[in-house]
Q: 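One structure, as structure tokens, below. Some questions next.
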Amino acid sequence: MKSSNSSDPDHFHRVVDCQWGCPAHTDVPRYIRQIAQGDFTEAYLENRKSNVFPGVLGRVCDRPCEPACRRGRLDEAPVAICRLKRVAADLSDDIRDRLPPKGKSNGKRIACVGAGCASLTVANDLLPLGYDITIFEQHDKPGGLMRTNIPSFRLPAEVLDDEIDLIVERGVDLRLNTRIDSMKQLLDEGFDSIFVGTGAPRGKDLDLPGRNDSDRIHIGIDWLESVAFEHRDSIGENVLIIGVGNTAMDCCRSALRLGGKNVSVVARKPRGWFKASAWELEDAEEEDVNILVNHSPKSFVVEDGVLKGMTFDKMHYEIDDNGELSSAEVVEEIFLPCDDVILAIGQDNAFPWIERDVGLSFNKWDAPDVDDVTHGVELPGVFFGGDSAFGPKNIIWAVEHGHRAAISIHKYCNGEDISDRPARGMNLLSTKMGIHEWSYSNDFEDSERRQMRHVELTERFKNIRIEVELGFDPEQTALEVERCLNCDVQTVFSEKLCIECDACMDVCPVYCLTITEDGDEDDLRQRLRAPADNKDQVLYVSDALPQTGKVMVKDENLCIHCGLCAERCPTGAWDMRKSQLKIPYANKTVEEKNINVS
Amino acid sequence: MSFIAKPKITHPGLPRNSIGLTLRDYEGSMSTLCAGCGHDSVSSAIMQAYFELSIEPHRVAKVSGIGCSSKTPTYFLGGAHGFNSVHGRMPSIATGANAANRELQYIGVSGDGDSLSIGLGQFSHAIRRNVNMMYVLENNGVYGLTKGQFSASADKGSKAKKGEANSYSPIDPVLLAMSLGCTFVGRSFSGDKDNLVPLLKSAISHSGFALIDVISPCVTFNDHEGSTKSYAHTREHMLETVYADYVGEHEEIIAQVKPGEYRQVMMHDGSRVGLRHIDENYDPTDRIAAISYIEKHRAEGAVVTGLLYVEEGSEEMHTTLGSAPGAMSEIPYEKLNPGAEALKRIQGRWR
Ligand SMILES: Cc1cc2nc3c(=O)[nH]c(=O)nc-3n(C[C@H](O)[C@H](O)[C@H](O)COP(=O)(O)OP(=O)(O)OC[C@H]3O[C@@H](n4cnc5c(N)ncnc54)[C@H](O)[C@@H]3O)c2cc1C
Ligand SMILES: Cc1ncc(C[n+]2csc(CCOP(=O)(O)OP(=O)(O)O)c2C)c(N)n1
Ligand code: SF4
Ligand code: SF4
Ligand code: SF4
Ligand SMILES: [Mg+2]
């Protein structure tokens with residue numbers, strides 16, 4: 001096959017599974033090494049550069065990096081990447097003087113609608129460039145769903161306040177209690193560019209008999225919001241939560257803290273079809289929430305204006321050979337008594353404040369079509385990001401949208417073509433320190449993933465603000481950092497030097513390497529030393545080797561970056577080089593200057 | 001030599017052999033040889049061969065002499081028995097061990113220094129006795145362990161690292177062994193596992209003394225321009241004659257060859273070795289013709305590789321001696337040592 005083009009930044013980036021899996025491409029292995037060395041502040045800044053809210057995300061990130069982590073494919077659990085992020089945030093010094101101040105005004109005014117993480121990221125990126133940024137927020141506090149929906153037992157308000165302050169206090173004009181009710185009016189105010197970060201604010205309703213006969217049937221996200229703003233501090237003893245996503249998890253655990261005794265989450269489908277993240281489900285179950293499967297909601301039972309419970313069809317599903325639900329059958333009708341019902345079955349976008357004749361066409365979800373690279377819409381200079389762009393996702397995606405939109409806004413304001421995107425770059429730096437010494441810890445740590453410590457069950461329900469997770473202690477941290485495989489320390493091959501002694505392929509503990517006759521990719525994958533059936537992972541293929549004309553093939557899938565191939569190579573044909581992705585941001589001053597390995 | 005031990009973690013999908021082991025179960029400790037040494041590659045081929053044959057490591061006995069090559073048994077089959085003898089004396093140890101316990105698989109690992117200088121006599125007599133063992137001679141043309149002096153296998157005119165040329169003609173272990181009546185003779189190259197692994201498997205299943213001369217470059221002292229045992233020189237001058245295709249007892253033969261170019265040799269354990277004639281003029285069962293073929297090509301500077309000679313139905317040491325079946329360790333003590341009375345009776349026969 002064609003030899004690999006390792007000068008394409010994506011080539012080595014893909015090897016860093018966690019970073020590739022992170023929407024904002026956080027340099028995970030780098031910050032883990034910084035933590036290992038006790039450089040918590042550097043680790044925090046490394047995170048902040050790409051994900052802006054390390055303290056928040058170290059607690060509640062959806063962590064797509066973890067299922068991507070190579071360690072999970074080696075028959076064990078991924079590195080506790082998110083937990084380590086929190087360590088950096090908890091132990092970092094004050095970094096205020098490390099952030100670029102607001103730049104000298106460039107005379108351009110930007111409006112951001114909504115003070116969620118997407119808008120705040122736009123502000124963070126554009127401030128140092130001298131833009132005057134105004135954020136309009138309908139509530140009396142900034143933060144969006146991070147504040148109104150993520151309960152404080154998962155995310156303490158102080159952590160959120162701190163990280164929002166780091167942005168706002170540098171000179172954002174934050175207008176609280178200011179709802180934007182007309183896009184037309186906003187356009188008329190003469191802003192140079194407008195960013196819409198209003199989220200996906202409408203909780204889905206369940207239109208069943210009895211729905212409107214009681215005020216004890218709540219929409220999940222609205223109910224969480226009223227809890228967050230302390231408009232509500234109690235609930236009945238028997239609570240049914242409908243739906244089994246992450247919102248449901250927050251609802252049931254909040255209900256337990258407001259007086260719920262018998263709280264059940266009711267799912268329509270079997271376990272394998274739950275939308276909630278495994279760890280959120282685990283935490284809820286630890287708190288004794290009942291999970292009921294195969295219950296399809298049928299009606300609300302309200303007698304004399306009092307909610308008595310709900311009826312459900314108990315379902316039986318057949319699962320076919322592909323593991324999919326093939327048929328559904330009603331087995332019986334079931335009545336579950338309750339005092340309150342919380343509906344947690346999803347969210348929709350809603351733009352009541354955008355006039356339909358403003359020059360934007362709306363798609364079948366009643367949302368404008370947004371370009372997924374530039375985040376622009378039909379109206380020039382207007383950009384959408386976060387949940388408002390493509391429906392509900394998560395914080396880290398909203399942040400990445402913010403970065404991308406900031407680049408577009410900067411280009412737009414400078415009269416540049418917004419579709420001409422700045423390219424990513426890649427630095428490679430050898431980690432060789434001596435014959436068998438590397439500037440990273442290459443020895444494999446075979447311990448299991450450390451488990452989070454939690455506040456005792458007897459303590460945690462006393463107050464909804466008690467943070468349940470205690471974070472990692474120093475011992476846990478010291479061990480967990482060593483579990484990281486340093487996937488960014490790349491095996492880089494120079495075919496000209498290879499004498500085909502086979503030493504590298506013989507020493508490799510996971511049989512990544514093969515010297516063989518060239519062939520096309522499918523054929524090559526069949527001829528490697530160990531099964532190479534994970535096609536998501538690339539093959540690193542060399543040019544013809546000098547002595548036999550064969551090729552060196554590396555299956556990147558399970559390399560543990562131990563460096564043994566490079567240690568056993570007599571000619572230095574393999575080298576362990578630290579790759580560092582250079583991510584373009586609107587504000588170039590944030591760009592990495594120091595490429596030393598740490 | 002690395003500071004870290006090779007991690008135990010491995011590819012979860014690694015193939016298992018018929019006794020449920022993976023290749024990693026055939027490893028020994030981490031090699032301390034120079035990075036890129038041919039000997040390490042031979043060790044890997046040996047692991048591969050035992051793995052593919054599904055031989056339990058503890059049914060193998062590894063013996064060796066002194067030299068970098070002789071150190072290598074430590075680096076494979078950690079679960080096997082082992083004896084690292086003095087310089088050139090491995091064949092006696094192997095003969096003795098084999099006499100006492102014929103149930104184990106014997107592998108001797110030696111070097112060109114160990115076998116062709118100090119140990120030449122021992123080497124010759126083990127061949128002559130047809131001791132049932134595989135003898136792997138890792139041939140690099142130098143005394144690697146003592147920093148690169150020419151060995152007895154170095155070619156005349158081959159240059160040392162600092163430039164001086166060797167002035168003696170070499171001893172070719174292959175020709176020597178054939179002239180001594182060795183019943184299985186092969187030659188291969190550490191950098192050609194496609195050839196080496198099936199050859200090793202065939203040698204392991206041979207009943208009698210099986211010599212494999214493996215050109216195994218010394219990266220540190222003999223891999224330069226002017227050396228005739230370097231990686232590059234060997235690759236250029238290798239001439240493959242007969243490819244030995246080991247076929248297990250119940251396996252199908254899949255090699256696609258023309259009838260005249262293929263024949264099979266039955267091994268005593270029921271397995272077969274398929275011989276694919278790359279040079280159709282070569283017959284690995286005709287000793288005289290084989291010797292002259294190898295001599296002729298040697299004079300032209302070619303390194304003839306493959307299964308060079310095999311004697312079907314070879315009679316190994318125990319058959320010749322008519323010794324008792326089974327391992328001595330399994331024979332009850334009273335039988336093994338019948339006592340003073342019995343000794344008297346035996347001695348009485350010669351009075
Ligand atoms: C219950 C729940 C739990 C969640 N848990 C997690 C989690 O653990 N981890 C995770 O990563 N994600 C989680 N999410 C998703 C995550 O919160 C969102 O994806 C993210 O907050 C989206 O950010 P955003 O900036 O796009 O919008 P939002 O956070 O929704 O912010 C939008 C802001 O705009 C304001 N606004 C809206 N319209 C107007 C207007 N017309 N004028 C002025 N202001 C307006 C709103 O008041 C709000 O402050 C959760 C979501 C829910 C509902
Ligand atoms: C009795 C005795 N004489 C000499 C030596 C010194 N000596 C150690 S290894 C060696 C030669 C090894 O050469 P070879 O067998 O080719 O092994 P290599 O290191 O090349 O693999 C010699 C002469 C010794 N150890 N013992
Ligand atoms: S092992 Fe470390 S670098 Fe590799 S994917 Fe996991 S967290 Fe990332
Ligand atoms: S660093 Fe080299 S030896 Fe180690 S796992 Fe990766 S390819 Fe194999
Ligand atoms: S160890 Fe080095 S020289 Fe030997 S095969 Fe591997 S890359 Fe080539
Ligand atoms: Mg030698």
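Letters A, B, ... are given to chains in the order of the sequence lines, protein chains preceding strands, and every chain is numbered from 1. Hydrogens, waters and symmetry mates play no part in the numbers below; they use all other heavy atoms, side chains included. Everything numeric in this text was worked out from a predicted model, so none of it was measured.
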Q: Measuring heavy-atom distances to chain B, does Ile560(A) have an atom under 4.5 Å in its side chain, in its backbone, in both, or in neither?
A: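 For Ile560(A), the contact with chain B is made by the side chain alone.
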Q: Side chain, backbone, both or neither: which part of Glu236(B) has a non-hydrogen atom closer than 4.5 Å to chain A?
A: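 Interface part for Glu236(B): neither.
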Q: So with a 6.0 Å cut-off around NZ of Lys159(B), is the heavy-atom count from everything else above 12?
A: no
Q: Of the backbone (N, CA, C, O) and the side chain (C-beta and beyond), which part of Arg24(B) lies under 4.5 Å from a heavy atom of chain A, both, or neither?
A: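 Both the backbone and the side chain of Arg24(B) come within 4.5 Å of chain A.
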Q: Sub-3.5 Å donor-acceptor pair from the side chain of Lys62(B) to the main-chain atoms of Leu77(B), do we have one?
A: yes
Q: Which answer fits Leu564(A), side chain, backbone, both or neither, if we ask what part of it has an atom under 4.5 Å from a heavy atom of chain B?
A: side chain
Q: Highest number of heavy-atom pairs under 4.5 Å with chain A: which of Arg235(B), Lys8(B), Glu27(B)?
A: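 If we count pairs closer than 4.5 Å to chain A, Arg235(B) comes out on top.
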Q: Less than 4.5 Å to any heavy atom of chain A: does that hold for the side chain of Lys193(B), its backbone, both, or neither?
A: side chain
Q: Is Thr571(A) reaching over with its side chain to a backbone N or O of Leu497(A), donor-acceptor style, under 3.5 angstrom?
A: yes
Q: Calculate, to the nearest 0.5 Å, the distance between atoms CG and NE2 belonging to Asp488(A) and His561(A) respectively.
A: 8.0 Å
Q: Taking Glu500(A) first and then Lys550(A), would you say they form a salt bridge - that is, a charged N and a carboxylate O separated by under 4.0 Å?
A: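 Looking at Glu500(A) and Lys550(A), the cut-off is not met.
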Q: Checking heavy atoms, do the side chain of Cys512(A), its backbone, both or neither come under 4.5 Å from chain B?
A: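 It is neither, since no heavy atom gets under 4.5 Å.
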Q: Tell me, side chain or backbone of Asn442(A) under 4.5 Å from chain B's heavy atoms, or both, or neither?
A: both
Q: Measure distances from Asp506(A) to the heavy atoms of chain B and classify the residue's part below 4.5 Å as side chain, backbone, both or neither.
A: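 For Asp506(A), backbone and side chain are both near chain B.
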Q: Taking all heavy atoms of Asp502(A) and all of Ser190(B), pick out the closest pair and write down the distance.
A: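 Answer, listing the atom of Asp502(A) first, then Ser190(B): OD2-O, 4.3 Å.
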Q: Should Val79(A) and Ile32(A) count as side-chain neighbours, where that means a heavy-atom distance under 4.5 Å?
A: yes
Q: I need the residue from Ile499(A), Thr548(A), Ile515(A) with the largest number of non-hydrogen atom pairs under 4.5 Å to chain B.
A: Ile499(A)
Q: Between Leu74(A) and chain B, which part of the residue has a heavy atom less than 4.5 Å away: side chain, backbone, both or neither?
A: both
Q: Locate the shortest heavy-atom distance separating Asn139(B) from Lys229(B); write the atom from each residue and the value.
A: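 Distance-wise, the nearest heavy atoms are OD1-CE, 3.4 Å.
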Q: Quick check for you: among Ala503(A), Cys504(A), Pro509(A), which has the greatest number of heavy-atom pairs under 4.5 Å with chain B?
A: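 Most heavy-atom pairs within the cutoff with chain B belong to Pro509(A).
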